[in-house]
Amino acid sequence: MPKMSDTKKSELKKNDLIVIGGAGGFIGGSLARYFHDRGFTRIRAIDKKPLPQWYQRTPGVECLCMDLSIESNCKRACDGAVEVYNLAADMGGMGFIERFRIECLRSILINTHMIESAWRAGAKRYFFSSSACAYNTDLQKDLKVRALKESDAYPAMAERGYGWEKLMSEMFCQEYWVERGLKTFIARFHNVYGPWGTWDGGREKAPAAICRKVIEAKDTARSNITIWGDGKQTRSFMFIDDCTKGIDMIMHCEDLIATPINLGSHELVSINKLVSIVEEIGGVKLKREYDLSAPKGVAGRNSDNRMIRKILKWEPDTTLRDGLKVTYKWIEQQYLARKAGKQTVI
Ligand code: NAD
(Lines give C-alpha, C1' and ligand atoms only; values in the text may rest on other atoms or scores of the structure.)
Protein backbone atom coordinates (compact mmCIF):
# COMPACT_ATOMS: atom_id res chain seq x y z
CA MET A 1 0.00 0.00 0.00
CA PRO A 2 2.59 2.71 0.91
CA LYS A 3 5.09 3.80 -1.69
CA MET A 4 8.50 2.96 -0.31
CA SER A 5 10.51 4.68 -3.02
CA ASP A 6 11.13 8.06 -1.41
CA THR A 7 13.29 7.59 1.66
CA LYS A 8 14.50 11.12 2.27
CA LYS A 9 13.45 12.91 5.47
CA SER A 10 10.97 15.76 5.24
CA GLU A 11 12.06 19.27 6.07
CA LEU A 12 9.60 21.04 8.32
CA LYS A 13 10.36 24.75 8.43
CA LYS A 14 10.57 26.46 11.80
CA ASN A 15 7.64 28.77 10.97
CA ASP A 16 5.38 26.09 9.46
CA LEU A 17 2.11 25.74 11.37
CA ILE A 18 1.97 22.60 13.53
CA VAL A 19 -1.49 21.66 14.85
CA ILE A 20 -1.83 19.35 17.86
CA GLY A 21 -5.23 17.96 18.90
CA GLY A 22 -5.62 16.81 22.51
CA ALA A 23 -2.82 19.12 23.65
CA GLY A 24 -4.46 19.72 27.01
CA GLY A 25 -3.70 16.08 27.83
CA PHE A 26 -0.56 14.15 28.65
CA ILE A 27 1.11 13.27 25.34
CA GLY A 28 -0.29 16.20 23.30
CA GLY A 29 0.89 18.68 25.95
CA SER A 30 4.35 17.13 26.00
CA LEU A 31 4.49 17.17 22.19
CA ALA A 32 3.66 20.90 22.07
CA ARG A 33 6.53 21.54 24.48
CA TYR A 34 8.82 19.23 22.47
CA PHE A 35 8.33 21.20 19.24
CA HIS A 36 8.50 24.54 21.03
CA ASP A 37 11.82 23.56 22.64
CA ARG A 38 13.18 22.71 19.20
CA GLY A 39 12.52 26.21 17.90
CA PHE A 40 9.21 25.78 16.05
CA THR A 41 7.44 29.11 16.29
CA ARG A 42 3.88 28.39 15.15
CA ILE A 43 2.21 25.69 17.19
CA ARG A 44 -1.56 25.57 17.60
CA ALA A 45 -2.69 23.41 20.51
CA ILE A 46 -6.33 22.36 20.88
CA ASP A 47 -8.31 20.53 23.54
CA LYS A 48 -11.94 20.43 24.63
CA LYS A 49 -10.95 20.97 28.26
CA PRO A 50 -11.16 24.55 29.53
CA LEU A 51 -7.66 26.11 29.45
CA PRO A 52 -7.11 26.13 33.24
CA GLN A 53 -7.50 22.33 33.23
CA TRP A 54 -4.77 21.68 30.65
CA TYR A 55 -1.89 19.65 32.05
CA GLN A 56 0.74 21.86 30.39
CA ARG A 57 0.52 25.15 28.56
CA THR A 58 3.76 26.10 26.88
CA PRO A 59 4.33 29.86 26.62
CA GLY A 60 4.30 30.97 22.97
CA VAL A 61 1.97 28.15 21.89
CA GLU A 62 -1.51 29.17 20.65
CA CYS A 63 -3.95 27.32 22.93
CA LEU A 64 -7.58 26.90 21.85
CA CYS A 65 -10.45 25.29 23.72
CA MET A 66 -12.56 23.48 21.10
CA ASP A 67 -14.44 20.21 20.80
CA LEU A 68 -12.80 18.35 17.91
CA SER A 69 -15.67 15.92 17.50
CA ILE A 70 -17.46 18.81 15.74
CA GLU A 71 -16.54 19.25 12.08
CA SER A 72 -16.57 23.06 11.98
CA ASN A 73 -14.11 23.18 14.90
CA CYS A 74 -11.76 20.80 13.08
CA LYS A 75 -11.84 23.10 10.03
CA ARG A 76 -10.89 26.05 12.21
CA ALA A 77 -8.21 23.97 13.94
CA CYS A 78 -6.56 22.80 10.71
CA ASP A 79 -6.72 26.12 8.85
CA GLY A 80 -3.23 26.83 7.48
CA ALA A 81 -1.71 23.67 9.00
CA VAL A 82 1.38 22.09 7.47
CA GLU A 83 1.36 19.18 9.90
CA VAL A 84 -1.51 17.86 12.04
CA TYR A 85 -1.01 15.59 15.06
CA ASN A 86 -4.19 14.01 16.41
CA LEU A 87 -3.69 13.03 20.05
CA ALA A 88 -7.27 13.81 21.08
CA ALA A 89 -9.34 10.89 22.37
CA ASP A 90 -11.61 10.06 25.24
CA MET A 91 -9.36 7.63 27.04
CA GLY A 92 -7.84 6.39 30.27
CA GLY A 93 -6.35 3.30 31.89
CA MET A 94 -8.12 -0.09 32.06
CA GLY A 95 -10.56 1.26 34.67
CA PHE A 96 -11.82 3.75 32.10
CA ILE A 97 -11.69 1.86 28.82
CA GLU A 98 -13.41 -1.25 30.17
CA ARG A 99 -16.24 0.78 31.68
CA PHE A 100 -16.81 3.51 29.08
CA ARG A 101 -16.75 1.79 25.70
CA ILE A 102 -19.23 4.17 24.09
CA GLU A 103 -17.13 7.21 24.99
CA CYS A 104 -14.09 5.45 23.55
CA LEU A 105 -15.91 4.55 20.33
CA ARG A 106 -17.16 8.12 19.94
CA SER A 107 -13.54 9.29 19.50
CA ILE A 108 -13.95 8.12 15.90
CA LEU A 109 -15.76 11.42 15.31
CA ILE A 110 -12.58 13.31 16.22
CA ASN A 111 -10.34 11.46 13.79
CA THR A 112 -12.95 11.42 11.02
CA HIS A 113 -13.36 15.21 11.08
CA MET A 114 -9.71 16.01 11.79
CA ILE A 115 -8.29 13.99 8.88
CA GLU A 116 -10.85 15.38 6.43
CA SER A 117 -10.14 18.93 7.63
CA ALA A 118 -6.38 18.39 7.46
CA TRP A 119 -6.71 17.14 3.88
CA ARG A 120 -9.03 20.01 2.86
CA ALA A 121 -6.62 22.51 4.45
CA GLY A 122 -3.79 21.10 2.32
CA ALA A 123 -1.76 19.81 5.26
CA LYS A 124 1.32 17.89 4.15
CA ARG A 125 1.30 15.28 6.94
CA TYR A 126 -1.17 13.80 9.40
CA PHE A 127 -0.31 11.80 12.54
CA PHE A 128 -2.70 9.45 14.33
CA SER A 129 -2.07 8.09 17.83
CA SER A 130 -3.20 4.49 17.75
CA SER A 131 -2.72 1.94 20.49
CA ALA A 132 -1.55 -1.56 21.33
CA CYS A 133 -5.24 -2.11 22.19
CA ALA A 134 -5.79 -2.43 18.41
CA TYR A 135 -4.07 -5.84 18.49
CA ASN A 136 -5.92 -9.12 18.42
CA THR A 137 -6.82 -9.87 22.05
CA ASP A 138 -6.70 -13.65 21.40
CA LEU A 139 -2.91 -13.30 21.18
CA GLN A 140 -2.72 -11.71 24.64
CA LYS A 141 -4.33 -14.31 26.86
CA ASP A 142 -1.03 -15.79 28.01
CA LEU A 143 1.21 -14.25 30.70
CA LYS A 144 4.24 -15.31 28.69
CA VAL A 145 2.97 -13.38 25.69
CA ARG A 146 5.15 -13.11 22.64
CA ALA A 147 5.76 -9.50 21.71
CA LEU A 148 3.13 -8.13 19.32
CA LYS A 149 4.30 -7.37 15.82
CA GLU A 150 2.54 -4.96 13.51
CA SER A 151 0.81 -7.68 11.44
CA ASP A 152 -0.80 -9.10 14.63
CA ALA A 153 -3.69 -6.61 14.39
CA TYR A 154 -5.29 -8.83 11.72
CA PRO A 155 -7.36 -10.98 11.69
CA ALA A 156 -8.99 -8.33 13.85
CA MET A 157 -10.22 -8.97 17.38
CA ALA A 158 -9.28 -5.66 19.01
CA GLU A 159 -10.08 -4.54 22.57
CA ARG A 160 -13.83 -3.89 22.64
CA GLY A 161 -14.66 -0.19 22.23
CA TYR A 162 -11.31 1.60 22.48
CA GLY A 163 -9.29 -0.85 20.35
CA TRP A 164 -11.85 -1.07 17.54
CA GLU A 165 -12.02 2.72 17.32
CA LYS A 166 -8.25 2.81 16.90
CA LEU A 167 -8.32 0.13 14.22
CA MET A 168 -11.04 1.91 12.22
CA SER A 169 -9.26 5.24 12.50
CA GLU A 170 -6.04 3.61 11.30
CA MET A 171 -7.96 2.45 8.25
CA PHE A 172 -9.16 6.01 7.59
CA CYS A 173 -5.52 7.12 7.65
CA GLN A 174 -4.47 4.41 5.21
CA GLU A 175 -7.27 5.19 2.77
CA TYR A 176 -6.63 8.95 2.84
CA TRP A 177 -3.15 8.15 1.56
CA VAL A 178 -4.30 5.65 -1.07
CA GLU A 179 -7.27 7.62 -2.41
CA ARG A 180 -6.33 11.22 -1.70
CA GLY A 181 -2.55 11.32 -1.35
CA LEU A 182 -2.45 12.71 2.20
CA LYS A 183 0.71 11.45 3.90
CA THR A 184 -0.52 9.80 7.07
CA PHE A 185 1.49 8.26 9.90
CA ILE A 186 0.21 5.84 12.52
CA ALA A 187 1.97 4.90 15.76
CA ARG A 188 0.61 2.17 18.02
CA PHE A 189 1.61 3.40 21.47
CA HIS A 190 2.26 0.87 24.22
CA ASN A 191 1.50 2.30 27.73
CA VAL A 192 3.06 5.72 28.04
CA TYR A 193 3.97 7.19 31.43
CA GLY A 194 5.87 10.16 32.86
CA PRO A 195 5.47 13.60 34.39
CA TRP A 196 2.50 15.76 33.34
CA GLY A 197 0.19 12.78 32.98
CA THR A 198 -3.02 11.72 34.73
CA TRP A 199 -2.14 10.43 38.21
CA ASP A 200 -5.50 10.22 40.01
CA GLY A 201 -9.25 10.34 39.39
CA GLY A 202 -9.95 7.07 37.50
CA ARG A 203 -8.26 7.65 34.12
CA GLU A 204 -4.68 7.10 35.33
CA LYS A 205 -2.65 4.13 34.14
CA ALA A 206 -0.76 1.57 36.20
CA PRO A 207 2.65 3.34 36.63
CA ALA A 208 1.05 6.59 37.86
CA ALA A 209 -1.53 4.75 39.99
CA ILE A 210 1.16 2.67 41.70
CA CYS A 211 3.41 5.69 42.32
CA ARG A 212 0.44 7.53 43.86
CA LYS A 213 -0.54 4.55 46.04
CA VAL A 214 3.02 4.17 47.37
CA ILE A 215 3.30 7.92 48.06
CA GLU A 216 -0.12 7.89 49.77
CA ALA A 217 0.80 4.87 51.90
CA LYS A 218 4.03 6.54 53.02
CA ASP A 219 2.28 9.81 53.78
CA THR A 220 -0.52 8.22 55.78
CA ALA A 221 1.70 5.54 57.39
CA ARG A 222 -0.40 2.80 55.81
CA SER A 223 1.35 -0.54 55.45
CA ASN A 224 -0.62 -2.08 52.58
CA ILE A 225 -1.22 -1.48 48.88
CA THR A 226 -4.12 -2.67 46.70
CA ILE A 227 -3.18 -4.05 43.30
CA TRP A 228 -5.71 -4.61 40.50
CA GLY A 229 -5.81 -8.27 39.44
CA ASP A 230 -3.33 -10.85 40.69
CA GLY A 231 -0.28 -8.73 39.83
CA LYS A 232 0.99 -11.35 37.40
CA GLN A 233 -0.27 -9.58 34.28
CA THR A 234 2.65 -8.32 32.17
CA ARG A 235 3.13 -5.07 30.27
CA SER A 236 5.81 -2.80 28.84
CA PHE A 237 5.88 0.91 29.63
CA MET A 238 7.35 3.73 27.54
CA PHE A 239 8.71 6.94 29.04
CA ILE A 240 7.13 10.13 27.64
CA ASP A 241 10.41 11.56 26.24
CA ASP A 242 10.82 8.44 24.09
CA CYS A 243 7.22 8.86 22.95
CA THR A 244 7.59 12.46 21.73
CA LYS A 245 10.91 11.69 20.03
CA GLY A 246 9.35 8.62 18.39
CA ILE A 247 6.34 10.60 17.12
CA ASP A 248 8.68 13.12 15.47
CA MET A 249 10.79 10.37 13.87
CA ILE A 250 7.78 8.40 12.61
CA MET A 251 6.02 11.48 11.21
CA HIS A 252 9.09 12.43 9.20
CA CYS A 253 9.98 9.03 7.77
CA GLU A 254 8.84 8.52 4.19
CA ASP A 255 9.09 4.75 4.56
CA LEU A 256 6.33 4.79 7.16
CA ILE A 257 3.54 6.48 5.20
CA ALA A 258 0.18 4.83 6.04
CA THR A 259 2.03 2.05 7.84
CA PRO A 260 1.10 1.35 11.49
CA ILE A 261 4.18 0.87 13.65
CA ASN A 262 4.74 0.00 17.30
CA LEU A 263 6.01 2.79 19.50
CA GLY A 264 6.74 1.21 22.84
CA SER A 265 9.35 -0.21 25.14
CA HIS A 266 10.17 -3.91 24.92
CA GLU A 267 11.14 -4.11 28.63
CA LEU A 268 8.43 -6.52 29.81
CA VAL A 269 7.51 -6.49 33.52
CA SER A 270 4.72 -7.93 35.65
CA ILE A 271 2.62 -5.50 37.67
CA ASN A 272 4.19 -7.07 40.77
CA LYS A 273 7.64 -6.12 39.44
CA LEU A 274 6.40 -2.60 38.69
CA VAL A 275 5.25 -2.31 42.32
CA SER A 276 8.64 -3.55 43.58
CA ILE A 277 10.51 -0.92 41.54
CA VAL A 278 8.26 1.87 42.84
CA GLU A 279 8.62 0.59 46.41
CA GLU A 280 12.41 0.70 46.03
CA ILE A 281 12.25 4.26 44.70
CA GLY A 282 9.97 5.26 47.60
CA GLY A 283 12.09 3.35 50.14
CA VAL A 284 9.17 1.28 51.52
CA LYS A 285 7.91 -2.28 51.46
CA LEU A 286 4.13 -2.67 51.56
CA LYS A 287 1.84 -5.62 52.16
CA ARG A 288 0.12 -6.48 48.87
CA GLU A 289 -3.61 -6.99 48.61
CA TYR A 290 -5.02 -8.15 45.29
CA ASP A 291 -8.39 -6.91 44.06
CA LEU A 292 -9.40 -9.72 41.72
CA SER A 293 -12.66 -8.02 40.76
CA ALA A 294 -10.93 -4.88 39.43
CA PRO A 295 -10.40 -4.40 35.66
CA LYS A 296 -7.03 -5.81 34.66
CA GLY A 297 -7.08 -6.01 30.85
CA VAL A 298 -5.29 -8.67 28.82
CA ALA A 299 -2.95 -11.15 30.56
CA GLY A 300 0.22 -10.03 28.83
CA ARG A 301 1.33 -7.50 26.24
CA ASN A 302 4.71 -6.42 24.89
CA SER A 303 5.98 -4.43 21.93
CA ASP A 304 7.88 -6.21 19.15
CA ASN A 305 10.40 -3.56 18.12
CA ARG A 306 12.00 -5.24 15.13
CA MET A 307 10.25 -2.98 12.62
CA ILE A 308 11.07 0.32 14.36
CA ARG A 309 14.69 -0.78 14.88
CA LYS A 310 15.01 -1.70 11.22
CA ILE A 311 13.38 1.40 9.80
CA LEU A 312 14.34 4.14 12.26
CA LYS A 313 17.52 2.54 13.65
CA TRP A 314 16.15 3.51 17.05
CA GLU A 315 13.69 2.33 19.70
CA PRO A 316 12.47 3.71 23.05
CA ASP A 317 15.36 3.05 25.41
CA THR A 318 14.69 4.78 28.76
CA THR A 319 14.76 2.03 31.39
CA LEU A 320 11.62 1.63 33.47
CA ARG A 321 13.57 2.33 36.65
CA ASP A 322 15.02 5.61 35.29
CA GLY A 323 11.65 6.78 33.96
CA LEU A 324 9.84 5.85 37.14
CA LYS A 325 12.31 7.80 39.31
CA VAL A 326 11.42 11.00 37.44
CA THR A 327 7.71 10.16 37.43
CA TYR A 328 7.59 9.27 41.13
CA LYS A 329 9.25 12.58 42.05
CA TRP A 330 6.78 14.55 39.95
CA ILE A 331 3.71 12.73 41.35
CA GLU A 332 5.04 13.28 44.88
CA GLN A 333 5.23 17.02 44.17
CA GLN A 334 1.69 16.93 42.80
CA TYR A 335 0.45 14.97 45.81
CA LEU A 336 1.99 17.43 48.25
CA ALA A 337 0.72 20.42 46.28
CA ARG A 338 -2.82 19.02 46.38
CA LYS A 339 -2.51 18.40 50.09
CA ALA A 340 -1.50 22.04 50.50
CA GLY A 341 -4.66 23.08 48.61
CA LYS A 342 -2.83 24.14 45.43
CA GLN A 343 -3.99 23.42 41.87
CA THR A 344 -2.59 20.23 40.35
CA VAL A 345 -2.75 18.02 37.26
CA ILE A 346 -5.13 15.13 37.87
P1 NAD B 1 -5.06 12.22 27.67
O2 NAD B 1 -6.42 11.80 28.13
O3 NAD B 1 -4.12 12.77 28.68
O4 NAD B 1 -5.19 13.27 26.48
C5 NAD B 1 -6.21 13.21 25.51
C6 NAD B 1 -6.80 14.60 25.42
O7 NAD B 1 -7.79 14.61 24.41
C8 NAD B 1 -7.50 15.04 26.71
O9 NAD B 1 -6.91 16.23 27.22
C10 NAD B 1 -8.95 15.27 26.30
O11 NAD B 1 -9.56 16.37 26.93
C12 NAD B 1 -8.78 15.53 24.80
N13 NAD B 1 -10.03 15.30 24.09
C14 NAD B 1 -10.90 14.27 24.25
N15 NAD B 1 -11.96 14.45 23.45
C16 NAD B 1 -11.75 15.61 22.77
C17 NAD B 1 -12.50 16.33 21.82
N18 NAD B 1 -13.69 15.90 21.40
N19 NAD B 1 -12.00 17.50 21.35
C20 NAD B 1 -10.80 17.95 21.79
N21 NAD B 1 -10.05 17.32 22.70
C22 NAD B 1 -10.51 16.16 23.18
O23 NAD B 1 -4.42 10.94 26.94
P24 NAD B 1 -2.93 10.71 26.42
O25 NAD B 1 -2.33 9.69 27.30
O26 NAD B 1 -2.25 12.01 26.22
O27 NAD B 1 -3.24 10.03 25.02
C28 NAD B 1 -3.10 10.72 23.78
C29 NAD B 1 -3.41 9.78 22.63
O30 NAD B 1 -2.55 8.64 22.69
C31 NAD B 1 -4.83 9.23 22.63
O32 NAD B 1 -5.27 9.09 21.30
C33 NAD B 1 -4.66 7.85 23.23
O34 NAD B 1 -5.69 6.97 22.84
C35 NAD B 1 -3.31 7.45 22.68
N36 NAD B 1 -2.66 6.41 23.50
C37 NAD B 1 -2.18 6.72 24.74
C38 NAD B 1 -1.57 5.74 25.50
C39 NAD B 1 -1.01 6.04 26.88
O40 NAD B 1 -0.46 5.12 27.49
N41 NAD B 1 -1.13 7.25 27.40
C42 NAD B 1 -1.45 4.44 24.99
C43 NAD B 1 -1.97 4.16 23.73
C44 NAD B 1 -2.55 5.16 22.99
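Whatever order the structure lists ligands and atoms in, that order sets their numbers, starting from 1. We number each residue from 1, following the sequence as shown.
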Colleague: Strictly by modelled atom types, are Tyr135 and Asn262 linked by a side-chain donor-acceptor pair under 3.5 Å?
Modeller: yes
Colleague: Any nitrogen or oxygen of Gly28, main chain or side chain, under 3.5 Å from a nitrogen or oxygen of ligand 1?
Modeller: no
Colleague: Regarding ligand 1, does Ala88 bring an N or O atom to under 3.5 Å of one of the ligand's N or O atoms?
Modeller: no
Colleague: When only distance counts, is Tyr55 in polar contact with ligand 1, meaning an N/O pair under 3.5 Å?
Modeller: no
Colleague: For ligand 1, which part of Ile110 has a heavy atom less than 4.0 Å away: the side chain, the backbone, both, or neither?
Modeller: side chain
Colleague: Does this structure show an ion pair linking Glu332 with Arg212, if we count only N-O contacts that are shorter than 4.0 Å?
Modeller: no
Colleague: Which residue owns the protein heavy atom closest to atom 23 (O) of ligand 1, what's the atom, and how far is it?
Modeller: Met91 SD, 3.4 Å
Colleague: I want to know if ligand 1 touches Phe189 in the polar sense, i.e. an N/O pair below 3.5 angstrom.
Modeller: no
Colleague: Should you measure from each heavy atom of Met66, which atoms of ligand 1 turn up under 4.0 Å away?
Modeller: 19 (N), 20 (C)
Colleague: Before signing off on this row, confirm whether Ile27 and ligand 1 have an N or O atom pair separated by under 3.5 Å.
Modeller: yes
Colleague: Suppose I only count heavy atoms of Asn191 and a 4.0 Å limit; which atoms of ligand 1 are within that range?
Modeller: 40 (O)
Colleague: Verify the ring-centre separation between Phe239 and Tyr193: is it less than 6.0 angstrom?
Modeller: yes
Colleague: Do Ile46 and ligand 1 have an N or O pair less than 3.5 Å apart?
Modeller: no
Colleague: Report, in ascending order of atom number, the atoms of ligand 1 lying under 4.0 Å from any heavy atom of Ser129.
Modeller: 29 (C), 30 (O), 31 (C), 32 (O)
Colleague: Show your working on salt bridge (Lys or Arg N to Asp or Glu O under 4.0 Å) between Glu116 and Arg120 and close with a plain yes or no.
Modeller: CA-CA 6 Å; Glu116 174 75 13; Arg120 284 188 185 277; 2.7 Å; yes
Colleague: With nothing but distance in play, are any N or O atoms of Asp90 less than 3.5 Å from an N or O of ligand 1?
Modeller: no
Colleague: Can you tell me which residue and heavy atom of the protein come closest to atom 14 (C) of ligand 1, and the distance to 0.1 Å?
Modeller: Ala89 O, 3.3 Å
Colleague: Applying a 4.0 Å heavy-atom criterion (strictly less than), which segment of Tyr193 is in contact with ligand 1: side chain, backbone, both, or neither?
Modeller: neither
Colleague: Hey, is ligand 1 close enough to His190 that some N/O pair sits below 3.5 Å?
Modeller: no
Colleague: Can you pull out the closest protein heavy atom to atom 4 (O) of ligand 1? Residue, atom name and distance to 0.1 Å, please.
Modeller: Gly25 CA, 3.5 Å
Colleague: Quick check: Asp67 and ligand 1, any N/O pair under 3.5 Å apart?
Modeller: yes
Colleague: Classify the side-chain pair Tyr85/Asp248 by whether it contains a donor and acceptor separated by less than 3.5 Å.
Modeller: no
Colleague: Should the proximity of Asp47 to ligand 1, defined as any heavy atom under 4.0 Å, be assigned to the side chain, the backbone, both, or neither?
Modeller: both
Colleague: Please state which option from Lys205, Met238, Arg203 has its nearest heavy atom closest to atom 39 (C) of ligand 1.
Modeller: Lys205
Colleague: Under 4.0 Å, heavy-atom basis, I'd like to know which part of Lys166 is in contact with ligand 1: side chain, backbone, both or neither.
Modeller: side chain
Colleague: In chain order, what residues pass the ring pair (Phe, Tyr, Trp, His ring centres under 6.0 Å) check against Phe100, with sequence neighbours excluded?
Modeller: Phe96
Colleague: Checking the N or O distance criterion of under 3.5 Å, is ligand 1 in contact with Ser130?
Modeller: no
Colleague: Please confirm whether the backbone N or O of Thr137 pairs with a side-chain atom of Glu159, one donor and one acceptor, at under 3.5 Å?
Modeller: no
Colleague: Taking the cut-offs as 6.0 angstrom to the six-membered ring centre and 45 degrees off its axis, would you call Arg38 and Tyr34 a cation-pi pair?
Modeller: yes
